[in-house]
Number of protein chains: 2
Amino acid sequence: MRSKNQPSGRKSDGGQGDRSFIEQARRAQIIAAAIGAIAELGFAGASLARIAERAGISKGVISYHFAGKDELMEQVVERIYTDAAEHTAPLVAEQATVAASVRAHILGAAEYMRGHRDQLIALGEIFNNLRTPDGKPRFGAHSSEPLYQALEALYRAGQASGEFRAFDTRVMAVTHQAAVDTMFGYWTAYPEHDLEAHARQLADLLLNGVRAPGAD
Amino acid sequence: MRSKNQPSGRKSDGGQGDRSFIEQARRAQIIAAAIGAIAELGFAGASLARIAERAGISKGVISYHFAGKDELMEQVVERIYTDAAEHTAPLVAEQATVAASVRAHILGAAEYMRGHRDQLIALGEIFNNLRTPDGKPRFGAHSSEPLYQALEALYRAGQASGEFRAFDTRVMAVTHQAAVDTMFGYWTAYPEHDLEAHARQLADLLLNGVRAPGAD
DNA sequence: CTAAATTCTGGCCATGCGGTCAAAAAATCA
DNA sequence: TGATTTTTTGACCGCATGGCCAGAATTTAG
């Protein structure tokens with residue numbers, strides 16, 4: 001009766017530990033199918049049955065590889081989130097001035113959006129809809145703390161270097177992130193919209209907003 | 001066999017036409033209960049049963065007064081939306097300069113948020129989640145067009161008067177709206193956050209971003 | 001090749017959903 | 001008052017959902 005079948009049995013296991021290759025592949029496949037389903041049908045429309053159908057497997061397979069729908073959704077978020085962060089972070093770091101970093105962050109985000117439409121839609125859907133069993137949002141605004149802190153650090157550096165004027169860096173970070181997120185949402189609704197031009201306009205706007213009075 | 005009981009039977013009837021007082025009162029009561037339920041439990045958690053429970057009535061009453069859940073949700077949106085617009089619009093109009101109007105819009109929105117937390121949460125939930133029978137979002141980003149156009153007109157006026165520099169007014173309008181919306185979301189997540197200070201910071205940021213080079 | 005472990009299938013379950021309805025209750029009318 | 005209309009109730013329907021599991025299929029190990 002020992003050694004039950006539960007590859008995903010080790011609950012609350014952050015790292016993926018010792019997972020066989022085919023196990024990892026199946027999980028990746030299911031996650032990909034989930035992203036597609038959520039992007040097309042919305043969070044509520046992405047049932048396990050529909051995700052399984054997209055993946056070309058039986059519904060039970062998902063239950064076999066994931067503890068439940070909630071774990072699936074959390075894995076989807078983790079996958080997308082880390083991937084996006086890995087892409088954006090280095091772009092910012094290699095700039096000479098802080099203003100250039102801010103601009104690079106915005107333009108880099110726009111470029112990333114082009115190739116990851118479904119992932120970002122799915123991310124938003126899950127953020128907005130996934131809830132804990134007691135009904136509270138699973139990913140509240142608090143989940144954006146790391147993002148906010150990174151942006152705050154960036155803007156504070158600009159203040160320290162004298163590039164930027166004095167302002168509340170937290171409000172700035174929140175606004176910056178919101179503007180970038182919405183740029184994506186707007187482009188999603190109006191696909192013919194020029195994403196890169198939007199990004200340039202936005203960078204101009206934000207940098208003008210924080211630029212130190214003397215610098216020109 | 002004529003004269004069936006269907007107070008809400010006149011489908012696609014924009015105005016409320018001839019509705020008895022008690023009929024209007026019941027509808028208002030149900031809409032209020034729906035707002036509370038959505039704000040607390042999210043869109044998915046706000047079932048007809050739970051809304052009815054909150055209103056202290058039987059579930060069937062909702063079906064009697066509304067054609068279906070979708071109509072209820074649309075009425076909720078209409079109620080909230082018109083109420084908010086009525087509050088914000090005059091504030092903007094009575095300002096001397098365009099910059100003052102922009103500032104008034106942001107500060108006015110912040111003030112409004114304080115007294116209408118649940119309404120605005122519910123509005124967001126419905127915008128993000130209500131879908132037509134074929135699965136498409138009922139209120140896409142296109143629903144914000146009137147807002148965007150009003151803001152564009154405002155910023156264009158500033159450009160015409162020479163207060164503002166040249167920039168893409170559409171990007172500006174989208175960004176402005178996003179920043180205001182997110183100010184609300186952030187305050188919701190961090191209730192101790194100083195909403196009015198945030199609004200002032202945001203107004204400074206946006207106005208600095210668009211201010212004409214010479215003006216100071 | 002055989003045995004054991006892993007993975008997959010397809011059907012089943014309880015739950016909650018939106019919606020419907022006959023009948024009861026309440027309000028209105030004559 | 002009694003007759004008629006409006007409103008409410010509470011039970012019920014069909015359906016989709018997330019989850020479960022016995023057994024079959026497949027892969028791996030000895």
Side-chain angles (χ1 to χ4, degrees), chain A residues 1-11 18-30 33-34 37-38 41-74 76 129-133 135 138, chain B residues 1-11 18-30 33-34 37-38 41-53 55-76 129-133 135 138:
Chain A
M1 198 70 73
R2 67 217 150 85
S3 81
K4 304 217 57 159
N5 296 343
Q6 274 301 357
S8 57
R10 276 170 272 90
K11 309 285 184 64
D18 50 350
R19 199 108 63 186
S20 77
F21 281 119
I22 108 153
E23 164 67 8
Q24 283 190 26
R26 260 281 184 270
R27 283 173 70 99
Q29 178 195 11
I30 293 169
I38 296 170
L41 309 164
F43 183 85
S47 64
L48 292 185
R50 279 209 259 256
I51 293 170
E53 186 186 15
R54 268 174 175 264
I57 57 178
S58 172
K59 197 180 61 162
V61 183
I62 300 178
S63 296
Y64 180 71
H65 289 283
F66 295 89
K69 197 186 184 183
D70 286 5
E71 198 216 319
L72 207 205
M73 293 298 152
E74 285 169 14
V76 169
N129 290 302
L130 188 62
R131 303 204 164 216
T132 53
R138 173 68 181 79
Chain B
M1 198 70 73
R2 65 216 151 87
S3 84
K4 305 216 58 161
N5 295 345
Q6 273 300 356
S8 56
R10 277 169 273 89
K11 307 284 186 64
D18 50 349
R19 206 126 35 203
S20 76
F21 283 117
I22 108 152
E23 164 68 7
Q24 284 190 27
R26 260 281 185 269
R27 283 173 69 98
Q29 177 195 13
I30 293 169
I38 296 170
L41 308 164
F43 183 85
S47 65
L48 292 184
R50 278 208 260 252
I51 294 170
E53 188 185 13
I57 58 179
S58 172
K59 196 178 61 160
V61 183
I62 299 178
S63 296
Y64 179 73
H65 290 282
F66 295 89
K69 197 186 184 183
D70 286 6
E71 198 215 319
L72 208 204
M73 293 298 153
E74 284 169 15
Q75 293 297 319
V76 169
N129 289 303
L130 188 62
R131 305 203 163 216
T132 54
R138 172 70 180 79

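Note on naming: letters A, B, ... go to the chains in the order of the sequence lines (proteins, then strands), and numbering restarts at 1 for each one.
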Next item on the list: Apply the test side-chain hydrogen bond (donor to acceptor under 3.5 Å, both in side chains) to residues A:R27 and A:Q24: give CA-CA distance (whole Å), side-chain angles for both, the deciding distance (0.1 Å), then the verdict.
Entry: CA-CA 5 Å; A:R27 283 173 70 99; A:Q24 283 190 26; over 6 Å; no
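The separation between A:E53 atom CD and C:dT9 atom C1' is 16 Å, rounded to whole Å. When the P atom of C:dT7 is taken as reference, atom CD1 of A:I30 falls 12 Å away, rounded to whole Å. Between the C1' atom of D:dG18 and the CZ atom of A:R131 lies a distance of 19 Å, rounded to the nearest Å. Taking atom CD1 of B:I62 as the reference point, atom C1' of D:dT9 lies 13 Å away to the nearest angstrom. One can place CZ of A:F66 at 13 Å from P of C:dT7, the figure rounded to the nearest angstrom. Between A:I57 atom CD1 and C:dG10 atom C1' the separation is 14 Å, expressed in whole Å. A:L41 has its CG atom 15 Å from the C1' atom of D:dT17, to the nearest Å.
Distances from the side chain of B:Y64 to the nucleotides C:dT9, D:dT8, C:dT7 place D:dT8 closest. Among the nucleotides D:dG10, D:dT8, C:dT7, the one closest to any side-chain atom of B:R26 is D:dT8.
Of the inter-residue distances, the one linking A:L72 atom CG with A:I30 atom CD1 reads 6.5 Å to the nearest 0.5 angstrom. If you take NE2 on B:H65 and CD on B:Q29, they are separated by 9.0 Å, rounding to the nearest 0.5 Å.
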Margin query: Walk along nucleotides 13-20 of chain C from 5' to 3' and tag each nucleotide B, S or - by protein heavy-atom contact under 4.0 Å, base first, then sugar-phosphate.
Written below: ----SBBB
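Checking each of A:E74, A:E71, A:M73 against A:F66 for a side-chain contact (heavy atoms from CB on, under 4.5 Å) leaves exactly one that passes, namely A:E71.
Contact annotation: B:H65 reaches the phosphate of D:dT8 (side-chain N/O to OP1 or OP2, under 4.0 Å).
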Please table the atom pairs, donor to acceptor, closer than 3.5 Å between any side-chain atom in residues 43-53 of chain B and protein atoms at least two apart or in another chain.
unit_1: B:S47; atom_1: OG; unit_2: B:R50; atom_2: N; d: 3.3
unit_1: B:R50; atom_1: NE; unit_2: B:G45; atom_2: O; d: 2.9

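Heavy atoms only, all atoms of each residue included: B:R138 and B:T132 are closest at CD-CG2, 3.8 Å.
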